[in-house]
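In the text below, chain A, chain B and the rest are named by the order of the sequence lines, each starting its count at 1.
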Amino acid sequence: MAELNLVEAINRALAWEMAHDEAVVLLGEDIGVNGGVFRATVGLQERFGEDRVIDTPLAETAIAGTAIGMAAMGLKPVAEIQFSGFIYPTLDHLVNHAARLRNRTRGRLACPLVLRSPCGGGIHAPEHHSESPEAMFTNVPGLRVVVPSSPGRAYGLLLAAMRDPDPVVFLEPTRLYRLFRQEVADDGEALPLDVCFTLRAGSDVTLVSWGAMLHETLAAADQLAAEGVMAEVIDVATLKPLDLTTILESVARTGRCVIVHEAARTGGFGAEIAAGLAEHGLYTLLAPVRRVTGYDIVMPLARLEMQYLPSVERIVAAVRQTLEAS
Amino acid sequence: MATVARFEVEFTRYLEPDGTAHEPLPEFARDPDRLIPLYRAMQLTRAFDTKAIALQRTGKLGTFASALGQEAIGVGVASAMRIEDVFLPSYRDHAAQFVRGVTLAESLLYWGGDERGSAFAGPRDDFPICVPIATQVCHAAGAAYAFKLRAEARVAVCVLGDGATSKGDFYEAMNFAALWQAPLVMVVNNNQWAISVPRTRQSAARTLAQKAIAAGIEGRQVDGNDIVAVHDAAARAIEKARDGGGPTLIEALTYRLGDHTTADDATRYRDAAAVEEQWAFEPIARLRNHLLARDAWSREREEQLLHEIGAEIDAAVEHYLATPLPTTEAMFEHLHARLPAALAAQRAEALAFAPAQGGDHG
């Protein structure tokens with residue numbers, strides 16, 4: 001097994017699937033010769049050729065739109081949007097076409113594409129390079145939305161996304177690309193989509209998060225453990241469709257829940273999880289559900305971004321509030 | 001100073017509005033027996049439009065977009081395609097869809113609000129009608145790329161309106177396809193109106209065909225009411241694409257003789273007299289006059305044809321009106337290949353509140 005960081009794991013998953021399924025093609029800006037601005041596709045054009053690793057013109061709408069045409073005609077395109085701040089022009093095609101082509105044709109045509117994009121802040125990137133748009137996509141029927149939080153899950157979930165017969169939006173936290181390494185078996189084994197992963201067992205509170213925020217959430221759990229508070233930590237991983245069952249079962253045991261995400265609070269995906277707990281788990285709760293999120297403000301530029309991102313301190317403080325509630 | 005590039009846009013017309021032909025006609029048009037099926041397909045579309053509007057007015061069909069006056073474009077283009085090619089229509093392209101093998105009943109189902117109308121039993125890879133303007137050009141470029149990558153001798157053909165040439169999707173897709181030398185043919189149905197906005201307010205360019213020049217591909221203009229010119233230009237572009245010659249943009253000049261859709265009232269923004277004048281150029285009388293002048297058509301054959309078409313449409317309407325409502329489950333079961341567990345509860349909720357099946361149509 002190799003020690004891989006998250007971006008290397010993405011690269012290995014892409015390479016594995018391209019080697020084993022000739023229908024897989026990659027397209028995007030600077031992904032070929034340059035290997036992607038984050039190097040997620042490094043070496044792939046050399047290995048699989050310009051026809052399967054396509055350096056496109058600079059046009060996000062057509063990257064998404066042509067991927068739909070390819071997917072409907074039997075290819076499995078993996079489109080890269082260079083930064084999540086540039087993902088918005090793809091929404092028309094994702095919402096109006098990719099997400100509903102199967103339904104519109106009663107299953108005659110399908111759209112097995114993956115739209116990959118870096119997401120999130122914390123790397124002192126320029127303006128428009130630190131967005132967390134996942135909740136927008138979760139509101140679109142027909143899309144799967146996946147956010148990995150470790151090299152191993154990035155590898156397995158990306159393989160699953162490429163093998164899924166329907167469109168998947170795959171958001172990769174830039175802050176995790178090179179933050180840490182772990183052993184990843186490059187064996188082509190996919191992880192299941194549509195399930196949450198329990199990363200740490202605990203009995204006092206359930207912490208629910210995804211993407212880069214798992215890093216702070218796990219650190220908060222460590223700190224709480226030192227104080228004798230045992231936190232269960234759940235990585236949502238696939239936001240849509242949501243595996244609420246795993247979260248409900250955990251909260252049924254702990255009675256407390258804190259949801260942590262980087263995106264702005266209002267209409268954020270934490271609201272959906274909190275609503276699910278209110279609908280299906282209210283009587284198991286010992287304290288109000290709390291959210292620790294980005295604020296309802298524009299993502300600040302680099303100098304203040306760490307004050308925007310939920311910190312270990314904010315998470316710990318929210319947990320203490322739930323513990324003090326009853 | 002030096003001129004570094006110079007371009008021309010050619011315009012083609014074979015049949016004058018009165019049906020007089022410019023010789024020599026393209027090979028296919030020299031045989032009247034090859035023109036008569038095109039004539040029939042145009043008449044079928046026009047009769048279908050009349051019936052569909054009547055159905056809409058009597059509450060038996062949803063909003064409908066007629067192709068009145070533009071029949072030569074759809075028929076001319078689709079008749080130049082092979083069955084294995086792929087057609088990507090806008091919402092005014094049922095003329096082409098019928099030639100491709102989409103049934104009249106399927107079209108009525110679609111406009112009647114039933115997804116099964118896009119499940120085409122015939123052309124299995126053709127795309128459903130595209131409503132968001134110009135987005136289908138991107139899909140067509142991607143489809144064409146797939147054909148080229150797999151070395152399949154297939155061509156993607158899409159139709160878009162004059163308004164669609166203002167959208168970024170069109171420029172972006174044309175640029176991609178040109179770089180890829182993908183087997184794509186884009187046909188602009190320039191019917192002079194994007195709902196209420198006339199062609200003159202859509203673009204300052206002298207032609208829409210010249211937009212191809214910026215992408216480095218061939219752009220040409222044809223009289224879109226002359227089916228010989230449309231079919232010939234489409235056939236040349238399609239075979240060029242099939243032979244690896246890359247994309248072509250064809251601007252077909254026509255006129256929208258009807259409202260934008262049944263939800264529109266064109267008298268609010270255009271002069272009825274100006275529309276009336278355009279009837280002198282419409283494609284069906286033009287081809288009929290041409291065939292009559294060649295002794296290839298007669299009043300008797302015309303009556304026979306209209307009778308046949310009427311019966312075909314009546315049968316389709318009957319089939320459409322007798323089609324039971326889709327099941328409640330159908331709303332859920334086609335969204336994903338497999339129903340996600342998270343949706344199962346919502347399906348159960350819909351089923352619990354669903355009215356008894358077999359309700360009244362429309």
Quick one, B:Cys138 with A:His97, criterion side-chain contact (heavy atoms from CB on, under 4.5 Å). Give me CA distance, side-chain angles, the key distance, then yes/no. CA-CA 11 Å; B:Cys138 293; A:His97 297 294; over 6 Å; no

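- The candidate with the highest count of non-hydrogen atom pairs below 4.5 Å against chain B, out of A:Asp164, A:Asp194, A:Thr245, A:Ile54, is A:Ile54.
- With a 4.5 Å cut-off on non-hydrogen atoms, A:Leu58 does not touch chain B at all.
- Although no hydrogens or angles enter the test, the distance criterion places no donor-acceptor pair under 3.5 Å between the side chain of B:Glu115 and the main chain of A:Arg106.
- For A:Asp243, no part sits under 4.5 Å from any heavy atom of chain B, backbone or side chain.
- By the neighbour-count criterion of 12 heavy atoms within 6.0 Å, atom CD of A:Glu22 is sparsely surrounded, having that number or fewer from other residues, nucleotides or ligands.
- Proximity to chain B (any heavy atom under 4.5 Å) is shown, for A:Leu193, by neither the backbone nor the side chain.
- We find the OG1-CG distance between A:Thr56 and B:Leu179 to be 9.5 Å, quoted to the nearest 0.5 Å.
- Within 6.0 Å of CG on A:Asn34 lie more than 12 heavy atoms contributed by other residues, nucleotides or ligands.
- No part of B:Ala177 comes within reach of chain A, as not one of its non-hydrogen atoms sits under 4.5 angstrom from that chain.
- Contact between B:Glu172 and A:Ala59 at its shortest, heavy atoms only, is OE1-CB, 3.1 Å.
- With a 4.5 angstrom heavy-atom cutoff, A:Pro57 touches chain B via backbone and side-chain atoms both.
- Interface remark: of the candidates B:Gly117, B:Pro128, B:Ala141, B:Pro128 forms the most heavy-atom pairs closer than 4.5 Å to chain A.
- Remark: B:Ile129 CD1 to A:Arg104 CZ distance equals 8.5 Å, nearest 0.5 Å.
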side-chain hydrogen bond (donor to acceptor under 3.5 Å, both in side chains) between B:His139 and A:Thr66, intermediate numbers included: CA-CA 5 Å; B:His139 311 154; A:Thr66 57; over 6 Å; no

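- A:Glu46 CD: 12 or fewer foreign heavy atoms inside a 6.0 Å radius.
- Looking at B:Val137, there are no atoms closer than 4.5 Å to chain A (heavy atoms on both sides), in backbone or side chain.
- Rounding to the nearest 0.5 Å places CZ of B:Arg338 at 8.0 Å from CG of A:Asp166.
- Note that CZ of B:Phe147 is 11.5 Å distant from CE of A:Met70, once rounded to the nearest 0.5 Å.
- Counting heavy atoms of neighbouring residues, nucleotides and ligands inside a 6.0 Å radius, atom CD of A:Glu50 does not exceed 12 of them.
- When heavy atoms are compared at a cutoff of 4.5 Å, A:Leu109 approaches chain B solely by way of its side chain, counted from C-beta outward.
- For B:Ala341, no part lies under 4.5 angstrom from a heavy atom of chain A.
- Contact of A:Ala99 with chain B is made through the backbone alone, with heavy-atom distances under 4.5 Å.
- Both the backbone and the side chain of B:Leu335 come within less than 4.5 Å of a heavy atom of chain A.
- Judged purely by atom type and a 3.5 angstrom limit, B:Tyr145 uses its side chain to pair as donor or acceptor with the backbone of A:Asp51.
- Distance check, rounded to the nearest 0.5 Å: CZ of A:Arg108 to NE2 of B:His334 gives 12.5 Å.
- Most heavy-atom pairs under 4.5 Å with chain A: of the set B:Ala342, B:Ala337, B:Ala173, this distinction falls to B:Ala337.
- Side-chain atoms of B:Thr135 and A:Asn96, non-hydrogen and from C-beta on, never get closer than 4.5 Å to each other.
- Here CG of A:Leu75 is found 5.0 Å from CZ of B:Arg150. Values are rounded to the nearest 0.5 Å.
- In this structure, no portion of B:Ala140 lies under 4.5 Å from any heavy atom of chain A.
- Contacts between B:Phe127 and chain A at a heavy-atom distance below 4.5 Å involve backbone atoms as well as side-chain atoms.
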